[in-house]
Amino acid sequence: RKSRGRRSAGLAWTKRNISWKVKTYPREARLGRETIRALTHYALKVWSEATPLTFHEVGGSSADVSVEFLRLDHQDGYPFDGPGGMVAHAFFPGDPQRAGHVHFDSDEDWTFRSPDDYGTDLFAVAVHEFGHSLGLAHSPSKRSIMRPYYQGPVGDPLQYQLQADDRTDIQRLYGMARPGSRVLHSTEKPEASSLLPDPPSLPRDFPEFPDRCSSSIDAVAQIRGETFFFKGQYFWRLTHGQHLTSLRPALSAAFWRGLPRSLGKVDAVYERHTDHRILFFSGPLYWVFKDNGVEEGYPRPVTDFGLPQGGVDAAFSWPHDRKTFFFKGGLQWCYEEAVGRMDEGSPTHTALGGQLPTPVDAMLSGSDEVYAFKGRQYWKLERHSLKPEKGYPRSIARDWLDCTGELYPPPSAPT
Amino acid sequence: SARPVPTPADESGEVAWLTQYGYLPPANPVTGQLQTWEAVTSAIRGMQRFAGVPETGIPDDATLALIRTPRCSLPDVLPARKNGRQWRKR
């Protein structure tokens, strides 16, 4: 009698496949956006491992569980109070207006894998708040994650499991996990279909991923109809419908087998239309891939192409005439893939000069259009003259990388 | 015994805390911020019982330490829900 119904707020989700999204992030935080998203994923996974629930991250504006970092009075009857005091809250499934809303105090010093004195462990608080989102009330048990007081870090997010009381309480609402059922990770999409394998899952050591909403881009390529954005050691992938496969970037070297893990960044990537090989350029070297495995004998020097030893800024390849254009500073080269040599007269002064800030970061050719990327902006170029069309530049983050709402830092800030 | 008494200024923070987290009903609008000593003592006991510290009924050091501990904003004691019979009668 003591425990029956006591831990439950009385209502539960009727659906079992629940979407989630981090809608806003703290303005000034030790933790990067990608770390916050990863910790959210693992905090939800704690609950999905004990129940038949699955959680998947969505990029649109609406999600069943929406996470926000807010300050002071944010008009929900539970104002925050700066550092300390109230650190977070979440609304029960029965709340008609606010079910699934999870609020963290943006003024807390949110930490991960830090000693207790250094701040408030985001993972510990997130597991607690998602317990509320799923219908659990506070628990008097000192061992329960649903105890209302913050008790410090609970351990490694990849290893953490619910205590028996918490497991019993959540299973009273949703039942037990189905034997043999597989937890749906947020990097996976049931509908995803592609010629290439899924990006790798999150590394164990939670590196600071580049933020797709505030990063410049090193290289962009269209490969087998999908668009790849490269930044540092990572890439984002857009499917044929131009939807991100995952909001989290994947490690390039783990996906493109044979690309060195020590490679800091790539300068240019393109698919060669003569044989559909994929070429990566980084500094003085280039690699040729068949699908996602490197061909024997690579890397080789970019001077093979007649390019300068220092490498290139960008490249794109035209499917129509099977020519590839390389860009470096104010110069451009035209390489004839069919015969394997540079056009006579290369290099020439690029048509981009004077129209766009140079050097460009990346170039991309679609079936009938060319794009140039610089900083956090891009331009659509007229196909033959390479002059920018009207209405550009536009935001890379907003138009390509599924960043909605306010982009942080603001576009006027330095890249 | 339920005579309302003013809450001493140095204890108003604890009373607000007890009210916020569901141990003490909101102050009667007629009597303003007045609470009965019995209600406050009972609320402190309830809070101590929930938190697993000795039930002294007074805001001792252990209790005050908990009140100062960072925590979730949601109440520990949820408002009672109307039972089905009442709804049916209405």
Side-chain angles (χ1 to χ4, degrees), chain A residues 2 5-11 70 74 76-92 94-95 98 102-105 107-110 116 119-121 124-133 135-152, chain B residues 9-27 29 33 41-88 90:
Chain A
K2 185 179 176 185
R6 179 174 185 168
R7 299 282 310 282
S8 159
L11 287 164
L70 302 165
H74 49 282
D76 67 355
Y78 294 92
F80 286 127
D81 52 2
M86 291 166 283
V87 298
H89 52 253
F91 295 95
F92 296 122
D95 191 307
R98 303 175 295 186
V102 183
H103 296 165
F104 294 91
D105 187 347
D107 286 333
E108 299 298 330
D109 194 3
W110 294 108
D116 201 10
T120 309
D121 187 77
V125 177
V127 175
H128 175 104
E129 297 305 334
F130 292 141
H132 288 317
S133 297
L136 295 185
H138 281 151
S139 166
S141 167
K142 285 190 174 173
R143 290 183 308 166
S144 170
I145 194 68
M146 297 311 294
R147 184 171 162 83
Y149 305 99
Y150 171 65
Q151 299 176 85
Chain B
D10 61 344
E11 290 177 10
S12 60
E14 286 90 70
V15 169
W17 191 99
L18 292 165
T19 306
Q20 182 172 355
Y21 295 113
Y23 295 102
L24 196 58
Q33 290 302 309
T41 302
S42 171
I44 292 173
R45 283 183 179 279
M47 175 263 183
Q48 290 168 331
R49 192 181 317 123
F50 195 91
V53 298
E55 284 186 49
T56 60
I58 57 171
D60 50 26
D61 288 347
T63 305
L64 291 175
L66 275 175
I67 286 175
R68 286 192 286 267
T69 301
R71 57 161 292 155
C72 175
S73 321
L74 292 196
D76 301 336
V77 181
L78 298 175
R81 296 167 63 198
K82 289 185 169 67
N83 65 37
R85 185 160 178 259
Q86 285 174 305
W87 285 109
R88 279 198 298 274
R90 287 178 62 189

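Between A:H128 and A:H138 the shortest side-chain heavy-atom distance falls below 4.5 Å. Contact of the B:D60 side chain with the B:Q48 side chain is registered, since non-hydrogen atoms from C-beta on lie closer than 4.5 Å.
Most heavy-atom pairs under 4.5 Å with chain A: of the set B:I67, B:T69, B:D76, this distinction falls to B:D76. No other option in A:A90, A:G84, A:A88 has as many heavy-atom pairs under 4.5 Å with chain B as A:A88.
For A:F91, no part lies under 4.5 angstrom from a heavy atom of chain B. In this structure, no portion of A:E108 lies under 4.5 Å from any heavy atom of chain B. Only the side chain of A:H132 comes within less than 4.5 Å of a heavy atom in chain B; its backbone stays farther off.
A distance-only check finds no donor-acceptor pair linking the side chain of B:R71 to the backbone of A:R147 [under 3.5 Å].
Figure legend: cation-pi geometry between A:R98 and A:Y78 absent, as NZ or CZ is not positioned both under 6.0 Å from the six-membered ring centre and within 45° of its axis.
Using bins of under 30°, 30° to 60° and over 60° for the plane-to-plane angle, the ring pair A:H74/A:H89 lands in the parallel bin.
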